[in-house]
**Q** 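Would you mind keeping the following structure in view while I ask a few things?
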Amino acid sequence: MKKIDLRSDTVTLPSSRMRAALATAEVGDDVYGEDPTVNKLESIAAEKMDKEAALFVSSGTQSNLIAVLTHCQRGDEYIAGQTAHNYKYEAGGAAVLGGVQPQPIDYEPDGTLNLDKVASYIKRDDFHFAKTRLLCLENTQGGKALPLKYIEEADVFAKKHGLATHLDGARIFNAAIKLKIDARKIAQHFDSVSICLSKGLAAPVGSLLCGKTEFIKRARRWRKMLGGGMRQAGIIAAAGIIALTEMVERLEEDHLNAQRLAQGFSMIRGFHLDMRLVQTNMVFVALDQNIKNYFVPYMAEKGILIGSGHYPFRLVTHYGISAADIDFVIETAEKFIKADMSHS
Ligand SMILES: *Cc1c(COP(=O)(O)O)cnc(C)c1O
């Protein structure tokens, strides 16, 4: 039975071009700065984010952590979304390892942080308070592309309030494709940007933290301290180069498949979707109460994997998922409804 894994775009497998590239990659000791493939990947990433420099790191979590540690000191505070990856899903790293306190704020339905609300959480200079130092945004946020106008406003806002800015751009290219703009147009509004190679871009491992040369120099020390200084890392960076140079455009296909899936689901009785939320490669679906607990196990029996960690259920399209797969998912969901109704 063929598996159709829609739990996340992190399950993507490397392309055959990636496997070939990593088999023949020219490598050296990256802690000495001597791995030509890592150096090339870092310069490509910096160029694509319109930043002076970039740092190849083991994961998006490490990238976000290094960013907070580099922007903030012990006793500082960073503002992030209540469900932001770098608040909720990174094991509290900034607080545990950096003595940096998060100030979470609820996201608006469009994935933005309301700037008036943010302003009300910025702490004035008073020894009772942590020092608010950094504003973190995420793009895409739950599959939604932040409006460019909002990002411009957030940039002006942060400068006015003396805050540095970090973008968790794990899926920044999905956002750029959705908005039909160059990713630089998004990245230019942030002091630092983290991008993931191992999501829809299909590389096996790795993220890049991008920013000014001086910032990346300090970030490199934190990476070393966190145990992230890897030696012949060009073996994995080689796949990252293909991710950035050959896999970006194809994200459009994932977006079309997400649309196809959402359209199909929206026709099924008992399935509820907000089509406004289907912007990139994620589909969120809620089911009638009486059937919702049976859906994920039923689909799994037919080889279709859906994460049960989110509700509404989240289905993510990615490299390796075809339009035919999506049609099979829709047909299977239709059968699920029929099977269930015949039992009741
Ligand atoms: C996946 C992801 C990350 C990084 O995850 P890792 O598994 O640590 O690479 C960071 N932010 C967002 C929004 C993500 O989706």
Side-chain angles (χ1 to χ4, degrees), residues 8-10 12 41-57 59-64 66-68 80-81 83-86 89-90 107 110-113 134-152 154-155 158 164-203 206-212 215-216 219 240-255 258 279-282 316-319:
S8 175
D9 46 7
T10 55
T12 45
L41 173 63
E42 290 179 345
S43 76
I44 291 170
E47 193 266 326
K48 289 199 178 289
M49 291 297 114
D50 209 9
K51 299 291 177 212
E52 292 172 3
L55 184 66
F56 183 46
V57 296
S59 67
T61 298
Q62 189 178 61
S63 189
N64 282 331
I66 292 173
V68 173
T83 56
H85 202 282
N86 81 336
Y89 296 99
E90 297 183 0
Y107 282 122
D110 65 356
T112 63
L113 291 175
L134 174 69
L135 174 63
C136 299
L137 295 176
E138 192 172 290
N139 200 12
T140 59
Q141 201 292 307
K144 291 160 290 193
L146 305 188
L148 190 57
K149 187 164 167 294
Y150 169 78
I151 290 171
E152 290 161 2
D155 181 6
T165 49
H166 172 68
L167 179 67
D168 179 351
R171 299 186 183 85
I172 189 173
F173 294 110
N174 295 85
I177 283 173
K178 164 65 187 169
L179 299 178
K180 299 191 195 320
I181 56 173
D182 193 296
R184 294 177 184 87
K185 287 256 184 290
I186 300 171
Q188 70 182 18
H189 294 289
F190 297 88
D191 296 311
S192 58
V193 179
S194 172
I195 62 177
C196 278
L197 303 173
S198 63
K199 302 262 159 98
L201 301 184
S207 281
L208 288 127
L209 179 62
C210 311
K212 285 208 159 73
F215 176 87
I216 294 300
I241 291 173
I242 293 181
L244 286 183
T245 56
E246 298 180 17
M247 303 297 277
V248 171
E249 244 83 288
R250 62 149 304 284
L251 293 173
E252 176 77 41
E253 200 183 303
D254 300 341
H255 298 184
Q279 298 184 14
T280 58
N281 67 335
M282 292 183 192
V316 187
T317 56
H318 54 77
Y319 179 63

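What you see is a predicted model; the values in this text were computed from it and never measured. Note: hydrogens, waters and symmetry copies are ignored here, and every other heavy atom, side chains too, is used.
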**Q** Which pair of non-hydrogen atoms, one from Met282 and one from Gly143, has the smallest distance, and what is that distance?
**A**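 What the structure gives for the nearest pair is SD-N, 3.6 Å.
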**Q** So Leu208 and Leu55, side chain to side chain contact (heavy atoms under 4.5 Å, CB included) or not? Walk me through it.
**A** CA-CA 5 Å; Leu208 288 127; Leu55 184 66; over 6 Å; no
**Q** Could you pull out the closest heavy-atom pair between Asn86 and Ala80, with the gap in Å?
**A**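 Reported closest heavy-atom pair: OD1-CB, 3.6 Å.
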**Q** Would you say that Leu201 contacts Phe173 through its side chain, given a criterion of any heavy-atom pair below 4.5 Å between the two side chains?
**A** yes
**Q** Nearest 0.5 angstrom please: Asn139 CG to Lys178 NZ, how far?
**A**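 NZ of Lys178 is found 12.0 Å from CG of Asn139.
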**Q** Have Ser63 and Ser194 got a donor and an acceptor in their side chains that come within less than 3.5 Å?
**A**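 Distance-only check passes for Ser63 and Ser194.
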**Q** Are any non-hydrogen side-chain atoms of Ser192 and Leu209 less than 4.5 angstrom apart?
**A** yes
**Q** What residues form a salt bridge (Lys or Arg N to Asp or Glu O under 4.0 Å) with Lys180, not counting sequence neighbours?
**A** none
**Q** Begin from the C-alpha positions of Leu167 and Ile186 and carry the test side chain to side chain contact (heavy atoms under 4.5 Å, CB included) through to its verdict.
**A** CA-CA 9 Å; Leu167 179 67; Ile186 300 171; 3.9 Å; yes
**Q** Take Tyr150 and Asp110 through the test side chain to side chain contact (heavy atoms under 4.5 Å, CB included) and record every step on the way to the result.
**A** CA-CA 10 Å; Tyr150 169 78; Asp110 65 356; over 6 Å; no
**Q** Return the CZ to CD1 distance between Arg184 and Ile172, rounded to the nearest 0.5 Å.
**A**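 Between atom CZ of Arg184 and atom CD1 of Ile172 there are 10.5 Å.
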**Q** Evaluate the criterion side chain to side chain contact (heavy atoms under 4.5 Å, CB included) for residue pair Ile242 and Glu246; output intermediate values, then yes/no.
**A** CA-CA 5 Å; Ile242 293 181; Glu246 298 180 17; 3.6 Å; yes
**Q** Given 3.5 Å as the limit, does a donor-acceptor pair link the side chain of Lys51 with the main chain of Ala187, or not?
**A**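 Side chain of Lys51 to backbone of Ala187: a pair is present.
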**Q** Hey, are Asp155 and His189 close enough side-chain-wise for a donor-acceptor pair under 3.5 Å?
**A**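 A donor-acceptor contact under 3.5 Å links the two side chains.
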**Q** Quick one: closest heavy-atom pair of Cys196 and Ser207, and the distance?
**A** SG-OG, 3.3 Å
**Q** Is there a side-chain contact between Met49 and Ile195, using heavy atoms and a 4.5 Å cut-off?
**A**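 In contact.
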**Q** Do Glu90 and Asn64 come close enough that some side-chain heavy atom pair is under 4.5 Å?
**A** yes
**Q** As an exercise, state the distance from NZ of Lys199 to CG of Asp254, rounded to the nearest 0.5 Å.
**A**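 These two atoms lie 13.5 Å from each other.
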**Q** Answer whether the closest heavy-atom distance between the side chains of Leu137 and Asp168 falls below 4.5 Å.
**A**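 In short, these two side chains do not touch, never coming nearer than 4.5 Å.
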**Q** Return the minimal non-hydrogen interatomic distance between Cys210 and Ile216, and the atom names on each side.
**A** C-CD1, 4.0 Å
**Q** Please report the interatomic distance CD(Gln279) to CG(Leu146), rounded to the nearest 0.5 Å.
**A**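 Between Gln279 CD and Leu146 CG, I get 9.0 Å after rounding to 0.5 Å.
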**Q** So if I apply the side chain to side chain donor-acceptor pair (under 3.5 Å) rule between His255 and each of Thr280, Asn281, Asn174, which one comes out positive?
**A** Asn174
**Q** Could you tell me whether a side-chain N or O of Asp191 sits under 3.5 Å from a main-chain N or O of Thr165, the two making a donor and an acceptor?
**A**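 Checking the backbone N and O of Thr165 against the side chain of Asp191, a donor-acceptor pair under 3.5 Å is found.
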**Q** Quick one, Thr112 and Pro147 - any side-chain contact, counting heavy atoms below 4.5 Å?
**A** yes
**Q** Quick one, Leu134 and Val68 - any side-chain contact, counting heavy atoms below 4.5 Å?
**A** yes
**Q** Hey, is the main chain of Ile241 close enough, under 3.5 Å, to the side chain of Thr245 for a donor-acceptor pair?
**A**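 Yes, Thr245 side chain to Ile241 backbone: donor-acceptor pair under 3.5 Å.
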**Q** Counting only N and O atoms by type, is there a donor-acceptor contact under 3.5 Å from the side chain of Glu42 to the main-chain atoms of Phe56?
**A**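 Yes, because the side chain of Glu42 sits within donor-acceptor range (under 3.5 Å) of the backbone of Phe56.
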**Q** How about Tyr319 and Arg250: do any of their side-chain heavy atoms sit closer than 4.5 Å?
**A**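 In contact.
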**Q** For the atom pair CD (Gln188) and NZ (Lys185), what is the distance rounded to the nearest 0.5 Å?
**A**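 Reported value, rounded in 0.5 Å steps: 6.0 Å.
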**Q** How long is the straight-line distance from CG of Asp50 back to CG of Asp182, given to the nearest 0.5 Å?
**A**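 Separation between the atoms: 8.5 Å.
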**Q** Could you list the residues that satisfy side chain to side chain contact (heavy atoms under 4.5 Å, CB included) with Ala258, not counting sequence neighbours?
**A**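 Applying side chain to side chain contact (heavy atoms under 4.5 Å, CB included) to Ala258 gives Val278, Val283, Thr317.
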**Q** Under 3.5 Å, is there a donor-acceptor pair between the side chain of Ser8 and the main chain of Thr10?
**A**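 Present.
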**Q** Is it true that Glu138 and Arg171 make a salt bridge, defined as a side-chain N closer than 4.0 Å to a carboxylate O?
**A**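 Looking at Arg171 together with Glu138, the answer is no, because their closest N to O distance does not fall below 4.0 Å.
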**Q** Please give me the minimum heavy-atom distance between Tyr107 and Gly81, naming the atom from each residue.
**A** CZ-CA, 3.5 Å
